[in-house]
Amino acid sequence: MEKERISYHESVRRVYDRIKEDEMNNIWDRYEAQGMGGNPDQRCPFCMGGVRCDLCSNGPCRADVAKDKRGVCGITGDGMAMRMMLLRNILGASTYHYHTEQTIKTLRATAKGETPFKIIEKDKLKVLAGRLGIATSGTIEKTALTLCDFVEADFNRKADEPSQIVEALAPDERKITWKNLDLFPGGVYGEMLRASSSCLTNVDGYYVSLALKAMRLSIATAYQSQIVNEYCQDIIFGLPRPHKMRVDLGVLDPDYVNALPNGHEPFLGFAMVQLARKPEWQDKARAVGAKGLRVIANIETGQEMIQRWEMDDAFYGFTGNWLMQEAVLGSGCVDLFACDMNCSMPVDPAYARKYKIRLVPVSDLVAFEGITERINYEPEKAEEQAAQLLLMAIDNFKERHASVQPVTGLPMNEATVGFSSESIVEALGGSLEPLLKVIKNGTIRGVIGLISCTTLRDTGQDVHSVRMAKELIKRDLLVLSMGCGNGAMQVAGLCRPEASEFAGTGLKGLCQTLGIPPVLSYGTCTDTGRIADLLASLASALGNVPVSELPVAAVAPEYMEQKATIDAVFALAFGLYTYVNPVPTVTGAPNLVHLLTQDCKQLTGGILNVEKDPVQAANAILAHIEANRKKLGI
């Protein structure tokens, strides 16, 4: 594959060369091998159009809406495509919520004094409890335990029992819209049950009904799973606040013991950092010949960590997003790869064998063929389990260091990370008014929530994301980045104040005045809920305008997996202009496409755009924002 089809990042391209020399099975070659007719992006046209189904023994079936060719059961291509999309949504929602359940378990155990963690953000706890109608007059610990009870009860409401979390946290105008459309959700478990049951053969084959069920599930996920998860993690591990962080593969030094927590759940990662910062653990590493012990943040687990905790020599830096995973492992610098509930690749055992890495699942969700060693996270045993993991890394060092030739001299950069709603308000002097002022006077034209994965579809890793971000900031649009797309921005250098050189005149001046980057590192994919809460505050501050009329947009330049699909559906339900790339697998469903790209605007105010060209896509986003500015009279 051509260099740019590998990755935007030089570091990844360099390690790819090493992986190829070692004849390792790798994601780039696997992607190319899936292509057809010499085109790595071409797949079965029925599959790419979303009009293929194998849910029952009468299939697999293919559909063609233009010819009224249906599945054996009679489902249309539109129904087929939306049913499969809803199944993806359910997978995304359940995985988000698994993380949330682990967070609530951790908060509960922490409130009881049974973990190595503390309730750091007492004010955040009180604010969240207050918004949910929970009394805060008791002890901090009692408030935390009551909060855990409250949210768990809400999670378990039936689908026809309205969610108290959504009632308490969502904007009033959104709640009215959702209730009018029967989109106001019950508990997230009830919504998953309702949605998955609807996907059975011969139950619901109507694309509109399935799309509305997807929206309803997405609202439950955003408020009950994402907002509750991130805010409770803030309470335990601290609010994200701006600070610098080393990024890119150059953070991996082969002469150190390198322990990498990987996935989406930061609990054992934080516990490992707490231990690694103690002199006795550094001494253990030096005793086996290493210069020291480092915990290196990786993928979304790492993103959760770097947003909240500052770097030092024990918590050294961040590698990047999920698609560079084989490059991370192939660097020859990794001693421990601890895999929690998301984004650990089935091919990892081959890399562990080749490059002498201890590969350890730390979630009961994760399993690898041929790997029997595991430590399933338990909040009450977090310190003990973190110690076990660090000892594994230290014990591994001698063999890895002696037998594996590392890739050295890889690039390392610095990014400014740790922006959150609270830290943005703090930086603005305690209110949103300065942000509103620069929006109203046109210094910046609007705000973009860039919530993305990374993919090899059509371009190399992060190539389209970086192109889109540059086009957006060039048009004086401030970008808040989340998810694996955030890792793309950090490693590409767009989360540095110096990146203001790529911005338009207004945004550039604002960045230089405040000393901030044009792309603010705002968190993980789970922070979709957090940014929805921020937009609700903006709508309120502008005079309770509808969210759909704000000068904002949601942008997913490189969506990849199922969690991203539920985020995009929520953006539509929330009333946002939503840009998604690559083109989703719905193109064989013309009525569904019309619903998402046109009719949805009359329902929720949201609209989907799938323009592949970054310049044209950015122009369309800006046109939408300018139209909303005109509506608002600014």
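Along the sequence shown, the residues carry numbers beginning at 1. What you see is a predicted model; the values in this text were computed from it and never measured.
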Exercise for the section: Measure from the side-chain N and O atoms of Thr301 to the backbone N and O of Glu265, and report whether any donor-acceptor pair falls under 3.5 Å. Expected result: yes
Practice task
State whether the side chain of Lys175 and the backbone N or O of Glu167 hold a donor-acceptor pair below 3.5 Å, judged by distance alone.
Solution key: yes
Practice task
Give, for atom CD1 of Ile625 and atom CG of Leu477, the distance between the pair rounded to the nearest 0.5 Å.
Solution key: 4.5 Å
Exercise for the section: Might you confirm whether atom NZ of Lys631 has over 12 heavy atoms from other residues, nucleotides or ligands at distances under 6.0 Å? Expected result: yes
Exercise for the section: Check for a donor-acceptor pair, side chain of Glu304 on one end and backbone N or O of Pro266 on the other, with a separation under 3.5 Å. Expected result: no
Handout entry: Asp123, CG atom: more than 12 neighbouring heavy atoms under 6.0 Å
Key = no
Exercise for the section: Determine whether the side chains of Asn298 and Asn262 contain a donor N or O and an acceptor N or O closer than 3.5 Å. Expected result: yes
Handout entry: Lys105 and Glu380 ion-paired at < 4.0 Å
Key = no
Practice task
Using atom types as modelled and distance alone, determine if a side-chain donor or acceptor of Gln233 lies under 3.5 Å from a backbone N or O of Thr103.
Solution key: no
Practice task
Look only at the side chain of Thr604 and the backbone of Leu572, and say whether a donor-acceptor pair between them is shorter than 3.5 Å.
Solution key: yes
Exercise for the section: Would you confirm whether Gln282, through its side chain, and Arg277, through its main-chain N or O, come within 3.5 Å as a donor-acceptor pair? Expected result: no
Practice task
Please check if atom NZ in Lys179 has more than 12 non-hydrogen atoms from other residues, nucleotides or ligands closer than 6.0 Å.
Solution key: yes
Problem - Electrostatic pair Arg496:Glu414 at N-O distance under 4.0 angstrom - result: no
Practice task
Assess whether atom NZ of Lys124 is packed by more than 12 heavy atoms of other residues, nucleotides or ligands within 6.0 Å.
Solution key: yes
Exercise for the section: Would you please test Val366 and Asn342 for side-chain contact (heavy atoms from CB on, under 4.5 Å) and show each step? Expected result: CA-CA 8 Å; Val366 179; Asn342 206 179; over 6 Å; no
Practice task
Fit a plane to each ring of Tyr377 and Phe267, take the angle between them on a 0 to 90° scale, and name the class: parallel (under 30°), tilted (30 to 60°) or perpendicular (over 60°).
Solution key: parallel
Exercise for the section: Inspect the contact between Glu121 and Arg241 and indicate whether a charged nitrogen and a carboxylate oxygen are less than 4.0 angstrom apart. Expected result: yes
Exercise for the section: Could you please spell out the steps behind the side-chain hydrogen bond (donor to acceptor under 3.5 Å, both in side chains) verdict for His264 and Gln102? Expected result: CA-CA 11 Å; His264 283 238; Gln102 296 297 98; over 6 Å; no
Exercise for the section: Quick one: which residue pairs count as a ring pair (Phe, Tyr, Trp, His ring centres under 6.0 Å) with a foot in residues 123-180, not counting sequence neighbours? Expected result: His97-Phe155
Exercise for the section: Flag the pair Arg308 and Glu422 as a salt bridge only when some basic side-chain nitrogen lies within less than 4.0 angstrom of an acidic carboxylate oxygen. Expected result: no
Donor-acceptor list for residues 535-560 side chains, cut-off 3.5 Å, not counting sequence neighbours:
from	atom 1	to	atom 2	distance (Å)
Ser537	OG	Asp533	O	3.3
Glu558	OE1	Thr454	OG1	3.1
Glu558	OE1	Thr455	N	3.0
Glu558	OE1	Asp462	N	3.2
Glu558	OE2	Asp462	N	3.3
Glu558	OE2	Val463	N	3.3
Glu558	OE2	His464	N	3.2
Glu558	OE2	Ser465	N	2.9
Glu558	OE2	Ser465	OG	3.2

Problem - Side-chain donor/acceptor of His243 to backbone N/O of Ile306, under 3.5 Å - result: yes
Practice task
Write out all pairs satisfying side-chain hydrogen bond (donor to acceptor under 3.5 Å, both in side chains) with one or both partners inside residues 141-150, taking only residues at least two apart or from two chains.
Solution key: Arg108-Asp149
